[in-house]
Amino acid sequence: MTNIHNVTEFIFLGLSPNQEVQRVCFLIFLFLYTAIVLGNFLIVLTVTTSRSLGSPMYFFLSCLSFVEICYSSTTAPKLISDLLAERKAMSWWGCMAQLFFLHFFGGTEIFLLTVMAYDRYVAICKPLSYATIMNRQVCAVLVGTAWVGGFVHSFAQILLVFHLPFCGPNVINHYFCDLLPLLKLACFDTFLIGLLIVANGGTLSVVSFGVLLASYMVILLHLRTQSSEGWRKALSTCGSHVTVVILFFGPCIFIYLRPSTTLPIDKVVAVFYTLITPFLNPVIYSLRNAEMKKAMKRLWIRTLRLNEK
């Protein structure tokens, strides 16, 4: 298989050919992306400047928020600008770059969510040893491992399509470069590559989702012996995490466990995991967490005092 460079750019069909729908989507997605950047940046800023949020849980949350900004930024700016453009195009190299960073940050997020589940398991099931087990060095190693895992996952994905020959059609029925739409354009039998995509992306999502569900089952079994107050507090903390996990993994499993076909609904599902979930992340974590809301309030008061001076 040789890489045929007859195709130097790809043309996106976008979300809808209707101009009115595109203009409405432009306003909605511009609002969502702005809220994603500002909301997740606010979480990062609040955690890094607040002494009361020094626990590993908030450290991991700030890392997740940073990844959410990067993850949505791989597709949202291009999507928003294309909604007002007549010709929606991206170079071959730009497509490969977008594909790499999409799976890099997506894979990193998967590993981070798993790390956060482990953190909640230790905090709830082994509270007396929590400070020892989840010390700063361990937290740094876990976050570093998440980034390395995301890189390895993405590097494996990009290798699967980088040398595919594209010798004719270059129209992608999507709004960004992803594995499945690209496989349909390749001048090559991609059945084996499709299986490898399932083995890499699909299996990673399913296994990680299974591990996360198992960890929360263990937590729930452990909570049977706790007081009603401890039960309520633990469920409140874990409930936010479970919500984010379901919203993120559900669409990913739907997309990457069937690489041989693409469906019209795929674009709607992609909007959900590239824009809606990152938008809901700061809402879920800030509005459901009393400590986070107090820290944000203190940050707001300090900012106002500095402006008055």
Side-chain angles (χ1 to χ4, degrees), residues 29 32-33 35-37 39-41 43-44 57-58 60-76 79 98-99 101-121 142-143 145-147 149-151 153-154 157 174-176 178-180 197-198 200-217 219 237-259 265-289:
F29 295 153
L32 287 176
Y33 181 60
I36 288 170
V37 174
N40 284 286
F41 177 74
I43 289 179
V44 174
M57 180 181 74
Y58 294 108
F60 294 136
L61 174 58
S62 66
C63 293
L64 177 65
S65 296
F66 176 74
V67 171
E68 292 280 31
I69 294 173
C70 298
Y71 181 62
S72 61
S73 296
T74 60
T75 58
L79 166 63
Q98 186 181 62
L99 179 64
F101 285 110
L102 179 72
H103 287 271
F104 174 42
F105 294 121
T108 302
E109 181 167 350
I110 288 176
F111 289 112
L112 267 179
L113 289 171
T114 307
V115 167
M116 293 174 73
Y118 174 71
D119 172 69
R120 290 300 86 205
Y121 162 76
L142 289 174
V143 170
T145 302
W147 282 98
F151 177 83
H153 161 71
S154 183
Q157 296 286 64
H174 215 306
Y175 65 88
F176 65 88
D178 204 0
L179 294 167
L180 307 189
I197 289 175
V198 170
N200 185 12
T203 304
L204 174 64
S205 298
V206 172
V207 171
S208 299
F209 187 60
V211 170
L212 289 166
L213 290 182
S215 68
Y216 283 109
M217 288 297 296
I219 291 174
T237 302
C238 294
S240 300
H241 193 191
V242 171
T243 303
V244 172
V245 165
I246 293 175
L247 291 175
F248 181 76
F249 278 94
C252 289
I253 292 174
F254 175 79
I255 293 291
Y256 295 109
L257 270 185
R258 46 170 189 80
I265 197 176
D266 287 352
K267 289 188 280 188
V268 178
V269 175
V271 168
F272 201 86
Y273 67 76
T274 58
L275 279 171
I276 304 299
T277 302
F279 167 75
L280 292 176
N281 177 37
V283 176
I284 292 172
Y285 278 111
S286 60
L287 295 183
R288 290 176 56 90
N289 190 296

Should T277 and Y71 be marked as a side chain to side chain donor-acceptor pair (under 3.5 Å) after you check the CA-CA gap, both sets of side-chain angles, and the distance that decides it? CA-CA 11 Å; T277 302; Y71 181 62; over 6 Å; no
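- Taken from CG in L212 to CZ in R120, the straight-line distance is 13.5 Å, to the nearest 0.5 Å.
- The minimum heavy-atom distance linking N281 with S65 is given by the pair ND2-OG, 3.7 Å.
- Ring geometry for F104 against F151 counts as perpendicular: the plane angle is over 60°, on a 0 to 90° scale with 30° as the lower cut.
- A pairwise comparison of heavy atoms in L179 and Q157 identifies CD1-NE2, 3.1 Å as the closest pair.
- The side-chain contact (heavy atoms from CB on, under 4.5 Å) check on F254 picks up R258, L263, I265, D266, V269, with sequence neighbours excluded.
- Side-chain contact check for I284 versus L247: some heavy-atom pair is nearer than 4.5 Å.
- The side-chain contact (heavy atoms from CB on, under 4.5 Å) test applied to S205 returns I110, F249, C252, I253, not counting sequence neighbours.
- Taking all atoms of both residues into account, the shortest heavy-atom contact from Y273 to P251 is CD2-CB, 3.5 Å.
- Among all heavy-atom pairs drawn from I36 and S72, the shortest one is CG2-OG, 3.3 Å.
- To the nearest 0.5 Å, atoms CD1 (I43) and CZ (F66) are separated by 14.0 Å.
- For the pair Q98 (side chain) and T74 (backbone), a donor-acceptor distance under 3.5 Å is present.
- Here the shortest heavy-atom pairing between T108 and W147 reads CG2-CD2, 3.8 Å.
- Remark: F111 engages A146, L204 in a side-chain contact (heavy atoms from CB on, under 4.5 Å) (not counting sequence neighbours).
- Distance check: S73 OG to L102 CG gives 11.5 Å after rounding to the nearest 0.5 Å.
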When you look at V143 and V115, which way does the side-chain contact (heavy atoms from CB on, under 4.5 Å) test go after all the steps? CA-CA 8 Å; V143 170; V115 167; 5.6 Å; no
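- Atoms NE2 and CD1, from H103 and I197 in turn, are 8.0 Å apart once rounded to the nearest 0.5 Å.
- Shortest non-hydrogen contact noted between K267 and H174 is CD-CA, 3.7 Å.
- Between the CZ atom of F176 and the CG atom of L79 there is a distance of 9.5 Å, given to the nearest 0.5 Å.
- Taking CD1 of I69 as the start and CZ of F105 as the end, the distance is 11.0 Å to the nearest 0.5 Å.
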